[in-house]
*Asks:* 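Handing you a structure now.
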Amino acid sequence: MLYHPQVAEGSSIESISPGLMDTAQLLRRDGSQGIASYSIGGEAKRMAFTSLSNGMRLAVVAPVREINLRWHRLVNGVIFITMLVMVVFIPLITLMSRRIINPLKRLTAAAGQLTEGNYDVELDYRGEDEVGILTETFRHLVSHLRVYISDLNSMAYKDALTGIKNKSAFDLFARKMDDMIATAPADQAPRFAIVMFDCNELKEINDQYGHEKGDVYLKTASHQICNTFNHSPVFRLGGDEFAVVLQQADFLRREKLLEEFDRTSTTTNAENADSWNRVSIAKGCAVYDPAIDKNTADVLRRADEAMYRDKNAHHAGTQER
């Protein structure tokens with residue numbers, strides 16, 4: 001017998017649901033129990049049944065949608081909470097990542113500039129986190145490196161004995177000046193002169209009084225040159241040779257400066273009896289001339305030739321006396 005409030009009387013089990021017939025067969029078996037699935041009116045159902053001690057069957061039926069309702073609610077709740085967490089935390093994580101990643105990017109860029117020789121990089125991040133500590137450490141490193149490089153440059157371009165610029169510094173100046181000569185228009189050629197100096201009596205002082213007094217003589221000569229040409233760069237090219245590059249105001253008054261050098265040298269010699277404190281220096285000046293000079297080396301060569309003429313004249317005068 002089959003009775004259902006929504007099924008017409010006399011309906012067969014097969015017409016209601018093919019799965020229901022299998023369920024009815026299970027219910028007919030003595031001592032049977034289990035779970036069966038079927039559908040009525042297009043709705044899936046599930047039946048749990050068992051045998052009672054009086055021989056009757058107890059069956060409980062519920063729609064599958066109701067059975068899975070709590071599970072679906074749980075899944076939907078988990079999905080909702082997950083979406084909420086993503087909505088809240090993704091922007092927060094993004095913001096925190098930017099606070100960390102952006103300073104790290106700037107550190108990476110600064111390190112790249114250091115490898116290219118730029119020691120003037122600026123890092124403005126001053127946070128109190130680990131990245132801020134790393135940035136501050138990097139900033140101190142760059143500062144110390146800048147000082148160290150400056151000291152190295154100073155040592156590389158300074159004469160150890162006299163403290164003035166050395167031959168390397170002159171070569172660097174010559175390269176810059178040659179670039180100006182090569183790129184300047186014909187009517188805007190650089191105006192400069194080079195004065196070469198050579199100490200006349202260094203060998204005699206070294207032989208007679210020792211190299212220590214010879215070093216004093218070179219310092220005296222360097223001091224005399226720097227005092228007269230105090231607005232122009234002075235270089236020690238090696239041994240007892242010095243060079244001064246005259247530009248701008250000193251270039252215009254070069255003749256007066258050379259005369260002043262001679263007068264000061266005479267005064268110094270009159271005030272000092274010791275040979276190593278006296279000044280006997282041959283000099284020669286050459287002015288850059290675009291018509292005959294291709295570069296700074298040509299000007300230096302002509303100044304050197306003029307200096308040797310003055311040196312030879314000094315030796316000739318000494319021999320006559």
*Asks:* Quick check: do Thr267 and Thr264 have side-chain heavy atoms less than 4.5 Å from each other?
*Replies:* no

*Asks:* Could you see if Val245 belongs to whatever hydrophobic cluster contains Leu257? Use Ile, Leu, Val, Met, Phe, Trp, Tyr and a side-chain cutoff under 4.5 Å.
*Replies:* no

*Asks:* Would a single hydrophobic cluster contain both Val216 and Leu161, if residues Ile, Leu, Val, Met, Phe, Trp and Tyr are joined by side-chain heavy-atom contacts under 4.5 Å?
*Replies:* yes

*Asks:* Measure across Ala189 and Ala184 and return the closest heavy-atom pair with its distance rounded to 0.1 Å.
*Replies:* CA-CB, 4.4 Å

*Asks:* Could you pull out the closest heavy-atom pair between Arg278 and Tyr217, with the gap in Å?
*Replies:* O-CE1, 3.1 Å

*Asks:* Do the non-hydrogen side-chain atoms of Asp298 and Ile292 ever get within less than 4.5 Å of each other?
*Replies:* no

*Asks:* Do Phe192 and Leu246 have side chains that approach each other closer than 4.5 Å (heavy atoms only, starting at C-beta)?
*Replies:* no

*Asks:* State, to 0.1 Å, how close Lys158 and Gly163 come at their nearest heavy-atom pair, and which atoms those are.
*Replies:* CG-O, 3.5 Å

*Asks:* Assess whether side-chain contact (heavy atoms from CB on, under 4.5 Å) is satisfied between Glu260 and Arg253, documenting all intermediate values.
*Replies:* CA-CA 11 Å; Glu260 180 183 340; Arg253 56 191 297 264; 4.3 Å; yes

*Asks:* Answer yes or no: is there a side-chain heavy-atom contact under 4.5 Å between Asp304 and Glu241?
*Replies:* yes

*Asks:* Do you reckon Ile194 sits in the same ILVMFWY cluster as Ile164, going by side-chain contacts under 4.5 Å, direct or chained?
*Replies:* no

*Asks:* Might you work through the salt bridge (charged side-chain N to carboxylate O under 4.0 Å, His left out) test for Arg302 and Asp293, ending with a clear yes or no?
*Replies:* CA-CA 9 Å; Arg302 293 194 297 109; Asp293 298 318; 2.7 Å; yes

*Asks:* Would you kindly confirm whether Phe173 and Phe229 end up in one hydrophobic cluster when ILVMFWY residues are joined by side chain heavy atoms under 4.5 Å apart?
*Replies:* no

*Asks:* Checking Asp178 now: which residues fulfil side-chain contact (heavy atoms from CB on, under 4.5 Å) with it, not counting sequence neighbours?
*Replies:* Ile181, Asn295, Thr296

*Asks:* List in chain and number order the residues that pass side-chain contact (heavy atoms from CB on, under 4.5 Å) with Ser168, two or more places apart in sequence or in another chain; answer none if no residue qualifies.
*Replies:* Tyr157, Asn166

*Asks:* If you round to the nearest 0.5 Å, how far is CG of Asp171 from NZ of Lys165?
*Replies:* 14.0 Å

*Asks:* Decide yes or no on salt bridge (charged side-chain N to carboxylate O under 4.0 Å, His left out) for Arg254 and Asp250, but give the supporting numbers first.
*Replies:* CA-CA 6 Å; Arg254 58 188 178 276; Asp250 279 5; over 6 Å; no

*Asks:* Enter the distance from Lys213:NZ to Thr220:OG1 here, rounded to the nearest 0.5 Å.
*Replies:* 10.5 Å

*Asks:* I need the minimum non-hydrogen distance between Pro190 and Met180, along with the two atoms involved.
*Replies:* CB-CE, 4.1 Å

*Asks:* Give the minimum heavy-atom separation between Lys311 and Cys199, together with the two atoms involved.
*Replies:* NZ-O, 3.5 Å

*Asks:* Would you check if there is a donor-acceptor pair between the side chains of Asp215 and His211 at a distance under 3.5 Å?
*Replies:* no

*Asks:* Taking the side chain as every heavy atom from C-beta outward, state whether Leu258 and Cys285 have any atom pair closer than 4.5 Å.
*Replies:* yes

*Asks:* Side chains of Leu74 and Arg70, heavy atoms from C-beta outward: is any pair under 4.5 Å?
*Replies:* no

*Asks:* With a sphere of 6.0 Å drawn around CZ of Arg301, does it hold more than 12 non-hydrogen atoms of other residues, nucleotides or ligands?
*Replies:* yes

*Asks:* Kindly say whether Gly239 contributes a backbone atom to a donor-acceptor pair with the side chain of Arg236 at under 3.5 angstrom?
*Replies:* yes

*Asks:* Taking Asp240 for the side chain and Leu202 for the main chain, is one N or O donor matched with an acceptor at less than 3.5 Å?
*Replies:* no

*Asks:* Distance-only criterion, 3.5 Å: show the donor-acceptor pairs between side-chain atoms of residues 75-82 and protein atoms not counting sequence neighbours.
*Replies:*
unit_1	atom_1	unit_2	atom_2	d
Asn76	ND2	His72	O	3.2
Thr82	OG1	Val78	O	2.7

*Asks:* Quick one: which residue pairs count as a ring-ring contact (aromatic ring centres under 6.0 Å, His included) with a foot in residues 232-252, not counting sequence neighbours?
*Replies:* Phe170-Phe235

*Asks:* Once you round to the nearest 0.5 Å, how far does NZ of Lys256 lie from OG1 of Thr228?
*Replies:* 15.5 Å

*Asks:* Measure from the side-chain N and O atoms of Asn269 to the backbone N and O of Val279, and report whether any donor-acceptor pair falls under 3.5 Å.
*Replies:* yes

*Asks:* What residues form a side-chain contact (heavy atoms from CB on, under 4.5 Å) with Gln248, not counting sequence neighbours?
*Replies:* none

*Asks:* Kindly compute the distance separating CG (Leu300) from CD (Glu305), expressed to the nearest 0.5 Å.
*Replies:* 10.0 Å

*Asks:* Closer than 4.0 angstrom, basic N to acidic O: yes or no for Lys167 and Asp159?
*Replies:* no

*Asks:* Treat each ILVMFWY residue as a node, draw an edge where side-chain heavy atoms are under 4.5 Å apart, and state whether Leu172 and Val234 are in one component.
*Replies:* no

*Asks:* Take atom CD of Glu212 as the centre, draw a 6.0 Å sphere, and report whether it contains more than 12 heavy atoms from other residues, nucleotides or ligands.
*Replies:* no

*Asks:* Any side-chain to backbone donor/acceptor pair from Thr266 onto Asp262? Under 3.5 Å, distance only.
*Replies:* yes

*Asks:* Name all pairs fulfilling the ring-ring contact (aromatic ring centres under 6.0 Å, His included) condition that reach into residues 260-287, sequence neighbours left out, sorted by first residue then second.
*Replies:* Phe197-Phe261, Tyr209-Trp276

*Asks:* Between Glu43 and Arg65, is any pair of side-chain heavy atoms under 4.5 Å apart?
*Replies:* yes

*Asks:* Does Val244 reach the side chain of Met196, with side-chain heavy atoms less than 4.5 Å apart?
*Replies:* no

*Asks:* Could you pull out the closest heavy-atom pair between Ser275 and Ile205, with the gap in Å?
*Replies:* O-CD1, 3.7 Å

*Asks:* Apply side chain to side chain donor-acceptor pair (under 3.5 Å) to residues Thr268 and Gln224 and explain how you reach the verdict.
*Replies:* CA-CA 9 Å; Thr268 300; Gln224 183 69 49; 3.0 Å; yes

